[in-house]
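Order of the sequence lines fixes the chain letters, A, B, ..., with proteins taken first and strands second; residue numbering starts at 1 for each chain.
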Number of protein chains: 2
Amino acid sequence: MFQLDYRDRRPLYEQIKEKIKALIIRGVLKPDDRLPSVREMAQSLTINPNTIQKSYKDLETEGFIYSVRAKGNFVQALSPAMNQARREELVLELEKLAAEFVYLSVPVEQLVAVIHAVYKKKEG
Amino acid sequence: MFQLDYRDRRPLYEQIKEKIKALIIRGVLKPDDRLPSVREMAQSLTINPNTIQKSYKDLETEGFIYSVRAKGNFVQALSPAMNQARREELVLELEKLAAEFVYLSVPVEQLVAVIHAVYKKKEG
DNA sequence: CCCTCTGTATTAAGCGTGGTAGTACAGTTA
DNA sequence: TAACTGTACTACCACGCTTAATACAGAGGG
């Protein structure tokens, strides 16, 4: 499904969360798709099941997945309330990022171009 | 100069780095401005000088400040080489961010508006 | 019904990092 | 000389990350 980077200093469970989030955001994993079981994922990454479980539990708390006893973990469909909060966070991040682009004298057109490229790719 | 947030789970030295970076990026601190000494800053934040030194050393490694024996730490002027690397990092971050905006069905116009606002604020 | 799979919980241990504390040295400047 | 700067080092404690081993509860298949 993906690989870990042991040179990355962040905790493994953080990396795992991020990778799964990315798969969901990119649309590779769609609502109600089942994730690999805790034990499967642990074996395929050669790490401890507890670490996977921590990732899954966090993702559940953040609203990205839901879990069903004895069945597995599944991708959560979008909920409007969750979205609103997340949007606001993202806008703040975007502002920070933009401020640093200003600092580095990157022309605004370049930023806009990058964004449009991402949006086009998604539609096409 | 600024305050720490002890509810923030990130290391103190990370928070300090970020705050100082923000001051530099916003232009509050300008090239060759002197930062508070390690001991001063430590006292004003009521933390250990070693923690401040770690922040400063990291910022030096990242090219944001330079230090002079027995004189202090100062804001580094921009270097083109450093900028290029940083720009590329930022573009990657921007793409990630944009992808999540797409996922949340935020119209591209809204992103562009946020960015223009930041740029206008900087010029004005 | 039993077996096997699922998620979940608990406890213990090892290890690295974050942060504090104390001390020391080297260089600048008044 | 005295007081300030940055820098370095050691020791210590607390906490988080990760592994390990075990156990229990519910679903589904033979």
Just call it for A:Asn50: base, sugar-phosphate, or nothing, with non-hydrogen atoms closer than 4.0 Å on any strand. base
If you check every side-chain atom of B:Pro11, which of C:dT6, D:dT5, C:dG19 has the closest atom? C:dG19
Rounded to the nearest angstrom, tell me the gap between atom CD in B:Gln43 and atom C1' in D:dT5. 15 Å
Expressed in angstrom and rounded to an integer, what is the separation of A:Arg39 atom CZ from D:dA21 atom P? 14 Å
In this structure, how many angstroms lie between the P atom of D:dA27 and the CZ atom of A:Phe74, rounded? 13 Å
What is the nucleic acid contact for B:Tyr13, judged by heavy atoms within less than 4.0 Å: base, sugar-phosphate only, or nothing? sugar-phosphate
If the cut-off is 4.0 Å, is A:Ser67 near the phosphate of C:dG7, judged by side-chain N/O to OP1 or OP2? no
With a non-hydrogen cut-off below 4.0 angstrom, is B:Arg9 in contact with a base, only sugar-phosphate, or nothing? nothing
Provide, to the nearest angstrom, the distance between the OH atom belonging to B:Tyr6 and the C1' atom belonging to D:dC15. 16 Å
Which heavy atom of A:Ile25 sits nearest a heavy atom of A:Lys122, and at what distance? O-NZ, 3.8 Å
If Ile, Leu, Val, Met, Phe, Trp and Tyr residues are connected whenever their side-chain heavy atoms lie under 4.5 Å apart, and connections chain through other members, are A:Leu111 and A:Leu97 in the same group? yes
Among C:dA21, C:dT6, C:dG19, which nucleotide has an atom closest to any side-chain atom of B:Asn48? C:dA21
Determine: side-chain N/O of B:Thr51 to OP1/OP2 of C:dG19, distance under 4.0 Å, yes or no. no
Side chain of B:Gln53 (C-beta onward), nearest among C:dG7, D:dA8, C:dA9: D:dA8
Chi angles and distances behind the salt bridge (Lys or Arg N to Asp or Glu O under 4.0 Å) call for B:Glu93, B:Lys96: CA-CA 5 Å; B:Glu93 286 188 43; B:Lys96 257 193 190 172; over 6 Å; no
Enumerate donor-acceptor pairs with a distance under 3.5 Å from any side-chain N or O in residues 59-75 of chain A to protein atoms, sequence neighbours excluded.
{"residue": "A:Thr61", "atom": "OG1", "partner": "A:Lys57", "partner atom": "O", "Å": "3.0"}
{"residue": "A:Glu62", "atom": "OE1", "partner": "A:Lys21", "partner atom": "NZ", "Å": "2.9"}
{"residue": "A:Glu62", "atom": "OE2", "partner": "A:Lys17", "partner atom": "NZ", "Å": "2.9"}
{"residue": "A:Tyr66", "atom": "OH", "partner": "A:Asp32", "partner atom": "OD1", "Å": "2.6"}

Closest to the 5' end of DNA chain D, once A:Lys71 and A:Ile47 are matched to their nearest nucleotides, is A:Ile47
Calculate the interatomic distance between A:Lys57 atom NZ and C:dG7 atom P; express it in whole Å. 14 Å
When we call it a touch if two heavy atoms are under 4.0 Å apart, what does A:Gln15 touch: a base, just sugar-phosphate, or nothing? nothing
A:Leu4 side, atom CG; A:Ile16 side, atom CD1 - distance, nearest 0.5 Å: 5.5 Å
Phosphate contact (D:dC17 OP1 or OP2) by A:Lys54 side-chain N/O below 4.0 Å: yes
Give the rounded distance in Å between these two atoms: CZ of A:Arg34 and C1' of D:dG28. 13 Å
B:Glu60 CD - D:dT5 C1' separation (whole Å): 14 Å
Rounded to whole angstrom units, what separation is found between the CE atom of B:Met41 and the C1' atom of D:dT5? 15 Å
Between D:dG6, D:dG26, D:dT5, which nucleotide has the shortest distance from any of its atoms to the side chain of B:Arg69? D:dG6
